[in-house]
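What follows is one structure encoded as structure tokens, with my remarks underneath.
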Amino acid sequence: AREDFVASMYFAVQADVFPGNRLAYDNAARPSFERQHGREPRNRHEIRRLMSGQPLFQWWSSLRRTTQEIKQATGEELVHRQTHSINESVAKLNRAGRGSLRLNEEVDLPRYVSEVDFHGQPGGYYAERCDKDATPAAIYDPGVFVLTKGFMGPYCEAAGTSAINFLLKRGAAFAPQRILDIGCSVGHSTLPYANTYPDARIDAIDLSAPMLRYGHARATSMGHDIHFSQQNGETTNFAPGSFDLTVSHILLHETSRSALRNIFAECYRLLAPGGLMLHIEQRQHDGMEPFEQFYYDWDTLNNHEPFWGTLHDTDLSAIATDVGFPADGVVQQMAPNVVAADLLQDQINHGQDFKRTAGWLAFCAEK
């Protein structure tokens with residue numbers, strides 16, 4: 001009931017409160033700026049400074065942040081009183097023998113993840129409160145479903161399924177036999193590849209031991225043989241040319257600019273000739289008017305997403321070609337969301353926070 005309340009509050013804040021920000025901007029903030037400077041605001045940064053003094057924006061921003069904090073607090077309480085039973089169930093499934101799970105205590109957490117409690121989850125995705133802990137993942141897993149009211153699909157698989165749909169439309173003849181999911185978290189987007197390419201070997205890596213424990217147990221419980229290992233996507237221990245397809249799903253905005261470049265370079269090293277690198281993300285700032293960029297950038301400063309705005313300004317194609325991918329093999333386009341698309345479109349039509357597009361940015365490069 002509390003999680004239902006959180007979801008309803010979030011959507012009410014977005015649908016009923018947020019539109020007032022546009023009215024405040026058009027009718028008060030922008031005219032005031034134009035009288036003072038003789039021009040319109042040039043970019044989202046000027047608009048942010050301008051809107052930060054608007055009472056309605058302060059109200060909306062506070063409500064949105066509070067909703068996120070309530071969601072995390074609810075998840076923490078629900079999971080932590082079940083800590084022993086959750087960890088026991090996860091450990092039992094991890095011993096079941098399906099796929100594999102390799103953890104590495106020597107892996108150093110980069111500062112860009114160790115210093116950030118992503119989405120305001122206390123301790124982020126990495127804190128372990130007890131031996132062989134999986135509870136950070138148990139908090140994260142249902143939280144995704146709740147805060148999106150299910151538009152990510154019943155198993156939060158929308159990004160992975162939409163990526164596969166993009167690949168199939170690109171060319172049905174492409175049937176990868178070796179697939180790597182970078183930054184897999186609990187495997188929401190990993191498992192659709194097992195369903196689509198049942199003969200392929202699928203490796204999934206992440207920096208978080210709790211996520212990997214839970215992800216391996218989750219895959220096992222759903223009948224899949226996935227090979228999970230604790231590794232940094234910037235420098236893996238796989239041999240050159242080990243994969244036909246390297247993928248990530250909503251990962252790039254969690255990494256620094258230098259890490260993003262390293263991940264692209266590592267993908268190039270890991271791919272066999274003719275292999276594909278595919279990253280699924282939120283859309284870039286290109287094509288957005290400044291006010292929309294300002295709104296889209298709220299997460300950067302208010303939702304523990306410090307690299308969000310940087311990513312959406314980044315020329316991904318330039319980085320890909322710089323690390324070795326040929327320019328004529330780079331594709332950047334919007335890919336439709338093919339899971340619960342009707343639900344997502346209905347939410348968009350009613351003014352919800354999904355950036356007016358029922359889809360994902362697909363960034364693909366062929367070696």
Side-chain angles (χ1 to χ4, degrees), residues 72 101-129 132-137 139-140 144 159 180-190 203-216 227-240 242-243 246-271 277-282 297 299-316 318-320 322-324 363 365:
Q72 300 296 14
L101 174 65
R102 293 184 293 116
L103 301 180
N104 181 5
E105 295 181 353
E106 302 302 317
V107 168
D108 291 326
L109 292 181
R111 186 169 177 269
Y112 61 82
V113 296
S114 66
E115 298 297 317
V116 180
D117 289 349
F118 287 112
H119 304 129
Q121 180 168 319
Y125 305 148
Y126 308 92
E128 298 193 51
R129 298 174 173 87
K132 298 180 180 178
D133 192 17
T135 57
I139 295 168
Y140 167 80
V144 176
L180 174 64
D181 186 5
I182 302 170
C184 63
S185 69
V186 300
H188 286 153
S189 297
T190 313
D203 283 272
I205 64 172
D206 201 279
L207 283 162
S208 168
M211 289 285 190
L212 292 166
R213 292 187 189 104
Y214 186 99
H216 180 246
H227 301 279
F228 291 88
S229 59
Q230 188 175 8
Q231 299 194 54
N232 187 333
E234 297 181 64
T235 53
T236 72
N237 61 18
F238 300 111
S242 294
F243 298 98
T246 62
V247 295
S248 79
H249 310 87
I250 331 178
L251 167 74
L252 299 184
H253 74 266
E254 312 282 19
T255 64
S256 67
R257 180 72 68 87
S258 61
L260 186 150
R261 178 185 177 85
N262 292 339
I263 290 169
F264 277 24
E266 183 67 353
C267 287
Y268 185 83
R269 184 186 75 85
L270 293 175
L271 286 171
M277 172 181 75
L278 175 61
H279 300 284
I280 296 295
E281 258 295 346
Q282 301 283 357
D297 198 40
D299 290 88
T300 303
L301 296 174
N302 300 285
N303 197 27
H304 295 254
E305 296 279 14
F307 307 109
W308 178 270
T310 301
L311 171 70
H312 299 307
D313 282 336
T314 298
D315 186 342
L316 299 176
I319 296 175
D322 197 43
V323 302
F363 184 81

By salt bridge (Lys or Arg N to Asp or Glu O under 4.0 Å) - contacts of Arg129 (at least two apart):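 Arg129 satisfies salt bridge (Lys or Arg N to Asp or Glu O under 4.0 Å) with Glu76 only.
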Determine whether Phe228 and Met211 satisfy the following criterion, side chain to side chain contact (heavy atoms under 4.5 Å, CB included), listing intermediate values before the conclusion. CA-CA 10 Å; Phe228 291 88; Met211 289 285 190; over 6 Å; no
For [X] and [Y], which heavy atoms make the closest approach, and how far apart are they?
| X | Y | result |
| --- | --- | --- |
| Leu251 | Ile182 | CD2-O, 3.5 Å |
| Pro136 | Gln121 | O-NE2, 3.0 Å |
| Asp133 | Ala127 | OD2-O, 4.0 Å |
| Ala137 | Val186 | CB-CG1, 3.6 Å |
| Leu311 | Glu281 | CD2-CD, 3.7 Å |

Can you sort out the partners of Phe264 under ring-ring contact (aromatic ring centres under 6.0 Å, His included), two or more places apart, ordered by chain and number?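 Per chain and number, Phe264 pairs via ring-ring contact (aromatic ring centres under 6.0 Å, His included) with His279, Phe363.
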Test of understanding: with ring-ring contact (aromatic ring centres under 6.0 Å, His included), list the residues that count as partners of Phe238, not counting sequence neighbours.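 Residues passing ring-ring contact (aromatic ring centres under 6.0 Å, His included) with Phe238: Phe243.
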Is the side chain of [X] donor-acceptor paired with the backbone N or O of [Y] at a distance under 3.5 Å, no angle test?
| X | Y | result |
| --- | --- | --- |
| Thr255 | Leu252 | yes |
| His304 | Asp117 | yes |
| Asp203 | Leu180 | no |

Listed by chain and number, what are the side chain to side chain contact (heavy atoms under 4.5 Å, CB included) partners of [X], not counting sequence neighbours?
| X | value |
| --- | --- |
| Val113 | Leu109, Pro110, Phe118, Tyr126, Leu207 |
| Leu103 | Leu101, Ala209, Leu212, Arg213, Gln230 |
| Asp315 | Ser317, Ala318 |
| Ser256 | Tyr112, Ser258, Ala259, Phe307 |

How long is the span from the [atom1] atom in [X] to the [atom2] atom in [Y], to the nearest 0.5 Å?
| X | Y | atom1 | atom2 | answer |
| --- | --- | --- | --- | --- |
| Ile205 | Thr236 | CD1 | OG1 | 6.0 Å |
| Leu278 | Ser248 | CG | OG | 7.5 Å |
| His216 | Cys184 | NE2 | SG | 11.5 Å |

Going by side chain to side chain donor-acceptor pair (under 3.5 Å), name the residues that satisfy it together with [X], two or more places apart in sequence or in a different chain.
| X | result |
| --- | --- |
| Asp313 | Arg44, His285 |
| Ser208 | none |
| Tyr140 | none |

Test item: side-chain donor near acceptor, His119 and Gln72, under 3.5 Å: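 There is no such pair between these side chains.
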Do Asp297 and Thr300 meet the criterion of a side-chain donor-acceptor pair at a distance under 3.5 Å?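 The criterion, which ignores hydrogens and geometry beyond distance, is satisfied for Thr300 and Asp297.
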For residues [X] and [Y], determine if any side-chain heavy atom of one lies less than 4.5 Å from a side-chain heavy atom of the other.
| X | Y | result |
| --- | --- | --- |
| Thr135 | Pro210 | no |
| Glu266 | Thr246 | no |
| Ser189 | Val247 | no |

Under the salt bridge (charged side-chain N to carboxylate O under 4.0 Å, His left out) rule, what pairs show up with a residue in residues 101-111, not counting sequence neighbours?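 For residues 101-111, and leaving out neighbouring residues, there are no salt bridge (charged side-chain N to carboxylate O under 4.0 Å, His left out) pairs at all.
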Can you pull the salt bridge (charged side-chain N to carboxylate O under 4.0 Å, His left out) pairs that have at least one residue in residues 251-262, sequence neighbours excluded?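 Sorted pair list: Arg261-Asp322.
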Apply side chain to side chain contact (heavy atoms under 4.5 Å, CB included) to the pair Asp206 and Ser185, showing each step before the final yes or no. CA-CA 6 Å; Asp206 201 279; Ser185 69; 4.2 Å; yes
